[in-house]
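Accompanying notes for the structure given below.
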Amino acid sequence: MTKPLEGIKIIDFTHVQAGPACTQLLAWFGADVIKVERPGSGDVTRNQLRDIPDADALYFTMLNSNKKSLTLDTKKPEGKEVLEKLIRESDVLVENFGPGALDRMGFSWERLNELNPKMIVASVKGFSDGHHYDDLKVYENVAQCAGGAASTTGFWDGPPTISAAALGDSNTGMHLAIGILTALLGRDKTGKGQKVAVSMQDSVLNLCRVKLRDQQRLERVGYLEEYPQYPHGEFGDVVPRGGNAGGGGQPGWVLKCKGWETDSNAYIYFTIQGHAWEPICHAIGKIEWIDDPAYKTAEARQPHIFEIFNTIEVWLADKTKFEAVDILRKFDIPCAPVLTMKELANDPSLRASGTIVEVPHKKRGSYLTVGSPIKFSDMKPEVTASPLLGEHTDEVLTGLGYSQQEIFNLREVKAV
Ligand code: COA
């Protein structure tokens with residue numbers, strides 16, 4: 001099957017999560033992604049949190065599938081020479097080093113553009129160029145704090161809270177992938193490459209868009225009616241943490257189901273969609289609420305929304321989260337069980353759709369990973385194992401025109 005990005009050659013100068021998530025996505029869609037790694041050690045995640053001694057850690061294998069690995073010391077003159085050759089024939093270079101690292105290596109944007117004016121140079125940094133923090137190195141949780149996610153996540157009586165979702169890392173990688181694809185389309189029109197930069201702070205903030213909406217609403221009217229603080233609590237001058245409240249116009253909350261006393265995930269998320277009020281009353285056996293003025297409208301319900309949630313929890317007390325959702329779905333109520341990673345890993349629908357995939361690996365045996373969340377009618381992205389360190393060094397160098405003797409010499413000086 002021909003893949004849309006076949007023929008696009010990408011130098012993958014990325015590490016940890018943000019950059020690798022971007023290039024992995026492009027590799028699934030057919031790009032030839034060559035991961036450039038330091039000889040002997042490679043991407044630091046190969047060694048981080050290993051569960052099998054001497055085998056690449058899941059952190060690495062789950063973010064580097066479908067790629068090739070070339071070991072190259074790009075600080076050595078011999079390594080720089082190889083990299084220059086690769087740059088001349090590649091379409092994209094993606095990097096997420098600390099600020100200034102690529103410049104220090106001798107590959108500034110100007111130099112890269114000189115070597116290959118058609119190449120797209122894509123970077124992830126913690127903060128955008130020119131930002132007063134643009135010298136900072138940044139990891140996931142730092143970005144969640146800098147991008148507004150932490151101050152608005154969690155409960156009002158607790159500290160700012162980090163989300164388990166990789167809003168700073170993988171999310172930024174996804175933004176970068178969109179930027180790269182846009183620049184590739186732009187190049188088709190202009191014949192020129194360009195620099196694409198995405199900061200982790202900006203990407204987090206982009207996902208916190210509705211919280212900036214709330215800040216402006218708060219400043220105008222002094223309260224936020226969908227937050228648990230309304231109407232009995234107090235509002236200050238910044239968007240508060242809203243616990244599990246729904247972020248749109250429909251109130252929602254995480255509700256206990258049968259077994260919650262012993263199972264910390266025996267919960268569902270329940271949404272009170274305005275026009276679904278009547279079906280909700282039917283579903284939970286509270287027909288009398290349908291026309292009761294204290295319950296009939298969203299406005300009337302808001303002051304005692306937690307009393308309503310408590311009543312729904314009484315109804316849920318003898319139902320598992322799965323039984324509850326099976327009943328509520330018949331009433332068209334937006335809801336879902338709170339699913340654990342164990343449940344997701346074994347979910348037959350996710351296996352069938354290719355969202356959870358089992359990948360054979362030379363050293364690990366097989367491992368589970370998340371496949372492409374993007375589905376196409378004419379293509380099924382296939383996930384293949386992440387490369388061993390330097391697995392494709394000979395192949396890539398031979399492709400660049402190096403002879404066996406020259407490759408041997410590069411090995412002798414530890415440039416590859
Ligand atoms: N050969 C030789 N040197 C190499 C190399 C190679 N193949 N690959 C990388 N290096 C060098 C770089 O040139 C740099 O050297 P220098 O600092 O002496 O100039 C060094 O290795 C890498 O530095 P850095 O990227 O700063 O690594 P770090 O471990 O200190 O910091 C991060 C890690 C993630 C904090 C940092 O890279 C960063 O802030 N990145 C941008 C934001 C980001 O993507 N963060 C999310 C990561 S999930």
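The figures here come from the full heavy-atom set of this structure, side chains too, leaving out hydrogens, waters and symmetry mates. Sequential numbering from 1 along the given sequence is applied to the chain's residues. Whatever order the structure lists them in is the order used to number ligands and atoms, beginning at 1. From a predicted model like this one, the values you see are computed outputs, not experimental measurements.
- A cation-pi geometry, defined here as NZ or CZ lying under 6.0 Å from the six-membered ring centre and within 45° of its normal, does not hold between K125 and Y133.
- In terms of polar-atom proximity, defined here as any N/O pair under 3.5 Å, G126 makes no such contact with ligand 1.
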Worksheet entry | Worked check of side-chain hydrogen bond (donor to acceptor under 3.5 Å, both in side chains) between S170 and Q17 | CA-CA 6 Å; S170 280; Q17 183 174 166; 2.8 Å; yes
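- For ligand 1, the polar-atom distance check finds an N/O of L72 within less than 3.5 Å of one of the ligand's N/O atoms.
- In this structure, R46 and S69 have side chains that are in contact, with non-hydrogen atoms separated by less than 4.5 Å.
- Below 4.0 Å from some heavy atom of E37 lie the following atoms of ligand 1, by number and element: 7 (N).
- Annotation: atom 44 (O) of ligand 1 to nearest protein heavy atom, N96 ND2, 2.9 Å.
- Among protein heavy atoms, the minimum distance from atom 22 (C) of ligand 1 is reached at F97 CD2, 4.2 Å.
- Shown are F306, Y267, F270; of these, the ring-ring contact (aromatic ring centres under 6.0 Å, His included) with W253 is made only by F306.
- Close contacts of ligand 1 with T74, meaning ligand atoms under 4.0 Å from a residue heavy atom, involve 1 (N), 2 (C), 5 (C), 6 (C), 7 (N).
- Residue E78 places its CD atom among more than 12 non-hydrogen atoms of other residues, nucleotides or ligands, all under 6.0 Å distant.
- Both the backbone and the side chain of R38 come within contact range of ligand 1, each with a heavy atom under 4.0 Å.
- For F13, no nitrogen or oxygen atom sits less than 3.5 Å from a nitrogen or oxygen atom of ligand 1, counting backbone and side chain alike.
- Atoms of ligand 1 found under 4.0 Å from any heavy atom of M200, numbered from 1 in the order shown, are 42 (C), 43 (C), 45 (N), 46 (C).
- The shortest heavy-atom distance from E140 to ligand 1 is not under 4.0 Å.
- Of the protein's non-hydrogen atoms, R104 NH2, 3.2 Å is the one closest to atom 17 (O) of ligand 1.
- When hydrogens are left out, the protein atom nearest atom 13 (O) of ligand 1 is M105 CE, 3.1 Å; that is the closest non-hydrogen contact.
- When the shell of 6.0 Å around NE2 of H275 is examined, it contains 12 or fewer heavy atoms from other residues, nucleotides or ligands.
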Worksheet item: Between T271 and Q250, is a side-chain hydrogen bond (donor to acceptor under 3.5 Å, both in side chains) present by the stated rule, with each step listed?
Response: CA-CA 7 Å; T271 312; Q250 0 281 339; over 6 Å; no
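- No N or O atom of K125 sits closer than 3.5 Å to an N or O atom of ligand 1.
- More than 12 heavy atoms of other shown residues, nucleotides or ligands fall within 6.0 angstrom of atom CG in D188.
- Atom 39 (O) of ligand 1 has its closest protein heavy atom at V138 N, 3.1 Å.
- Annotation: E81, atom CD; neighbour count of heavy atoms from other residues, nucleotides and ligands within 6.0 Å does not exceed 12.
- With respect to atom 16 (P) of ligand 1, the closest heavy atom belonging to the protein is K75 NZ, 3.4 Å.
- Which parts of ligand 1 touch D73 is read off a 4.0 Å heavy-atom cut-off, strictly below it: atoms 1 (N), 2 (C).
- Side-chain polar atoms of D214 and Y227 form a donor-acceptor pair below 3.5 angstrom.
- Short contacts between ligand 1 and V124, defined as distances under 4.0 Å to a heavy atom of the residue, involve ligand atoms 41 (C), 44 (O).
- Counting only heavy atoms of the protein, atom 29 (O) of ligand 1 lies nearest to Y139 OH, 4.2 Å.
- Crowding of D332 atom CG: a count of heavy atoms from other residues, nucleotides or ligands under 6.0 Å not exceeding 12.
- Residue contact check: G98 has heavy atoms under 4.0 Å from atoms 24 (P), 25 (O), 26 (O), 36 (C), 37 (O), 38 (C), 39 (O), 40 (N) of ligand 1.
- Taking only nitrogen or oxygen atoms, main chain and side chain alike, K137 reaches within less than 3.5 Å of ligand 1.
- The Q17 neighbourhood of ligand 1 comprises atoms 48 (S), with distances under 4.0 Å to a heavy atom of that residue.
- Residue-ligand proximity, V16 to ligand 1, at heavy-atom distances under 4.0 Å covers atoms 47 (C), 48 (S).
- In terms of protein heavy-atom proximity, atom 27 (O) of ligand 1 is nearest to H15 CE1, 3.7 Å.
- Both the sub-6.0 Å distance and the 45° axial angle are satisfied by K319 relative to the ring of W315.
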Worksheet item: After noting the C-alpha distance and the side-chain angles of D73 and R38, does the key distance pass the salt bridge (charged side-chain N to carboxylate O under 4.0 Å, His left out) rule?
Response: CA-CA 5 Å; D73 188 330; R38 225 190 302 229; over 6 Å; no
Worksheet item: K68 and T393: side-chain hydrogen bond (donor to acceptor under 3.5 Å, both in side chains), yes or no, with the steps?
Response: CA-CA 8 Å; K68 290 176 182 159; T393 301; over 6 Å; no
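- For atom 3 (N) of ligand 1, the nearest protein heavy atom lies under 4.0 Å away.
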